Amino acid sequence: MYEPKPEHKFSFGLWTVGNVGRDPFGEPTRAALTPVQLVHLLAEVGAWGVNFHDNDLVPIDATPAERDQIVRDFKAALAATGIVVPMATTNLFSHPIFKDGAFTSNDPAVRAYALQKTINAIDLGVELGATTYVFWGGREGTESDSTKNPLEALKRYREAINFLCAYVKDQGYTLRFALEPKPNEPRGHIFLPTVGDALAFIATLDYPEMVGVNPEVAHEHMAGLNFTHGVAMAYAAGKLFHIDLNDQLFGRYDQDFRFGSVMPKQAFYLVKFLEDVGYEGSRHFDAHAFRSSNYEDVKAFARGCMRTYLILKDKAAQFNADPEVQQLLAEINADDGAFSYLSAGYSREALDKLRATRFDREALGKRDLPYERLDQITLDILLGVR
Ligand code: GCO
Ligand code: MN
Ligand code: MN
């Protein structure tokens, strides 16, 4: 019943199931698998797509001949398994050249290298079928604001995205960009910290229609924000181009837990939102297994991400079909149409009508709102007793 199928569009990054368990305090706990092995692992667990950073696939110092061989092998693994590449991205964070950022580095040569690297990575992604290109600016930021002018940094960021949009148009690629906000880690302060910041930034670009967002559960939770509200903002703006699903307690370090594993109620509202609006993009899991896991347990992790999504999708359908929920929602949203003229917008007539209306403040303030009942039904559904 909760088997993943291609139509669910479940994808994983090579760096997610390929995470070797390194953390700031310890060495890897798992041997690295090759990209080809990871594609087979994803096929085995029932995923639909695989995403990658340029250097997850092609090492940064590979020769052109090595690159071509790697790409050939990878394509063969994709063909053998039916796994597709919906999204690609650039590693603009690992190498020391990016220690002070890529597009926003204070060094013009680093900024130019970041552009060149991204152009090559876009070519690689497009060659393998990607239609979404993600920009996660993990190193774009500061520890001390003495070191970088935020206005200047945003100007550099904007110029870089404008240049790359123009490149994509010039090549005739079918590719959309998705900016991925994050408040901190690895930088003390990262530019474009939240979904709202990214949306505001997009409005200042040369080709805003080409650029959307890639919100991530963990990133908004690190900032203590309501992720579903952020996703709704992006969706309402027509900008929900991609999504990174994982889990994370508020206020903790970047945990990247299995989807739905620590805040399942929040995950429920998110899945319900995505399914209710008919979001059509990838359901991308940007998470990794515990450092204590071996590869059998990594598979359990990947299966768990998809299983939990499908369980919550089922719960959302149950919530929507529940007669008592429906009745409560109808009660809460009761509308006799008396004020629907306001939805037509401002007019002198509407203004006069509004001014002439007498409101019974006491009666309106006494209105019953059975929200506790509704919330408990939600929990009963989630806990499986209803
Ligand atoms: C993180 C980010 C990254 C990006 C990835 C793709 O916190 O490290 O979520 O995993 O999603 O670089 O752009
Ligand atoms: Mn993340
Ligand atoms: Mn991410």
Side-chain angles (χ1 to χ4, degrees), residues 8-9 194-196 198-200 212-213 215-217 220-221 223-243 245 247 250 259-260 263-281 283 308-386:
H8 299 133
K9 295 193 175 170
T194 69
V195 172
L199 291 174
V213 291
E216 174 169 317
V217 178
E220 304 296 299
H221 281 193
L225 300 174
N226 182 316
F227 184 65
T228 303
H229 290 192
V231 167
M233 279 291 295
Y235 189 82
K239 293 297 184 192
L240 188 63
F241 287 8
H242 200 265
I243 195 162
L245 303 172
D247 210 355
F250 284 171
F259 179 61
M263 294 174 83
K265 193 179 181 197
Q266 281 71 14
F268 165 75
Y269 291 126
L270 173 65
V271 171
K272 181 172 165 351
F273 178 86
L274 295 175
E275 297 300 322
D276 283 352
V277 299
Y279 165 73
E280 285 181 343
R283 274 81 173 158
T308 299
Y309 188 99
L310 293 175
I311 293 170
L312 293 175
K313 181 178 170 181
D314 194 37
K315 296 287 180 188
Q318 188 189 342
F319 179 95
N320 289 339
D322 189 296
E324 200 178 344
V325 169
Q326 278 177 4
Q327 181 239 311
L328 285 169
L329 288 176
E331 215 176 285
I332 289 164
N333 293 296
D335 184 350
D336 64 5
F339 300 101
S340 52
Y341 69 92
L342 290 172
S343 306
Y346 181 84
S347 68
R348 280 290 171 85
E349 294 68 38
L351 179 68
D352 291 347
K353 218 168 150 182
L354 181 62
R355 275 194 164 137
T357 307
R358 286 224 197 99
F359 291 95
D360 185 346
R361 216 162 36 227
E362 296 309 317
L364 287 169
K366 281 193 180 124
R367 192 174 155 195
D368 297 326
L369 295 171
Y371 289 180
E372 288 286 2
R373 234 170 89 207
L374 182 56
D375 187 68
Q376 185 60 41
I377 294 173
T378 310
L379 270 182
D380 280 10
I381 289 173
L382 282 178
L383 296 175
V385 296
R386 191 172 168 91

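The shown structure was predicted, so the numbers you read here are calculated from the model rather than taken from an experiment. Just so you know, residue 1 is the first one in the sequence shown, and it goes up from there.
Side-chain N or O atoms of Lys315 include one that pairs as donor or acceptor with a backbone N or O of Ile381 at under 3.5 Å. Using modelled atom types, one side-chain atom of Tyr235 and one backbone atom of Val277 make a donor-acceptor pair closer than 3.5 Å. Judged purely by atom type and a 3.5 angstrom limit, Asp375 has no side-chain atom pairing as donor or acceptor with the backbone of Tyr371. Of the possible polar contacts, none joining the Lys313 side chain to the Val271 backbone as a donor-acceptor pair under 3.5 Å is found.
Judged as a salt bridge (charged side-chain N to carboxylate O under 4.0 Å, His left out), and not counting sequence neighbours, the contacts of Arg386 are Asp322, Glu324. Not counting sequence neighbours, the partners of Glu216 by the side chain to side chain donor-acceptor pair (under 3.5 Å) test are His219, Asn246. Considering only residues two or more places apart in sequence or on other chains, Thr228 meets the side chain to side chain donor-acceptor pair (under 3.5 Å) condition with none of them.
Atom CE of Met233 sits in a sparse spot, with 12 or fewer heavy atoms from other residues, nucleotides or ligands closer than 6.0 Å.
Residues Val217 and Leu245 approach most closely at CG2-CA, 4.1 Å, considering heavy atoms. Taking both residues in full, the closest heavy atoms of Asp247 and Gly260 are given as OD2-C, 3.3 Å, listed atom of the first, atom of the second, then distance. In terms of heavy-atom proximity, Pro215 sits nearest to Phe227 at CB-CE1, 3.5 Å. When all heavy atoms of Ile332 and Pro370 are compared, the closest pair comes out as CG1-CD, 4.4 Å. Residues Leu354 and Phe359 share a closest heavy-atom pair of CD1-CZ, 4.3 Å. Lys272 approaches Asp276 most closely through the heavy-atom pair NZ-OD2, 2.6 Å.
Taking CG of Leu382 as the reference point, atom CD of Gln376 lies at 10.5 Å (rounded to 0.5 Å). To the nearest 0.5 angstrom, His242 atom NE2 is 6.0 Å from Tyr279 atom OH. In this structure, CG in Leu240 is found 7.5 Å from CZ in Phe273, a value given to the nearest 0.5 Å. Distance CZ/Arg373 to CG/Asp380: 12.0 Å, rounded to 0.5 Å.
Within the 4.5 Å cutoff, the side chain of Phe259 has heavy atoms near those of the Leu312 side chain. The shortest side-chain heavy-atom distance between Val325 and Asn320 does not fall under the 4.5 Å cut-off. Contact check for Asn226 versus Glu220: no side-chain heavy atoms found under the 4.5 Å cut-off.
Checking Glu331 against Gln327 by side-chain atom types alone, a donor-acceptor pair falls below 3.5 Å. Side-chain contact annotation: Gln318 with Asp314, donor-acceptor N/O pair under 3.5 Å absent.
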Check: So Val213 and Val231, side-chain contact (heavy atoms from CB on, under 4.5 Å) or not? Walk me through it.
Finding: CA-CA 9 Å; Val213 291; Val231 167; over 6 Å; no
I'd like a table of donor-acceptor pairs (distance under 3.5 Å, sequence neighbours excluded) in which one partner is a side-chain atom from residues 337-346, with atom names and distances.
residue : atom : partner : partner atom : Å
Ser340  : OG   : Gly337  : O            : 2.8

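Here salt bridge (Lys or Arg N to Asp or Glu O under 4.0 Å) pairs that include residues 343-360, with residues two or more places apart or in two chains, number zero. Residue pairs meeting the salt bridge (Lys or Arg N to Asp or Glu O under 4.0 Å) criterion with at least one partner in residues 333-345, sequence neighbours excluded, do not occur; the list is empty.
In this structure, Arg283 pairs ionically with Glu275, as a charged nitrogen and a carboxylate oxygen lie closer than 4.0 Å.
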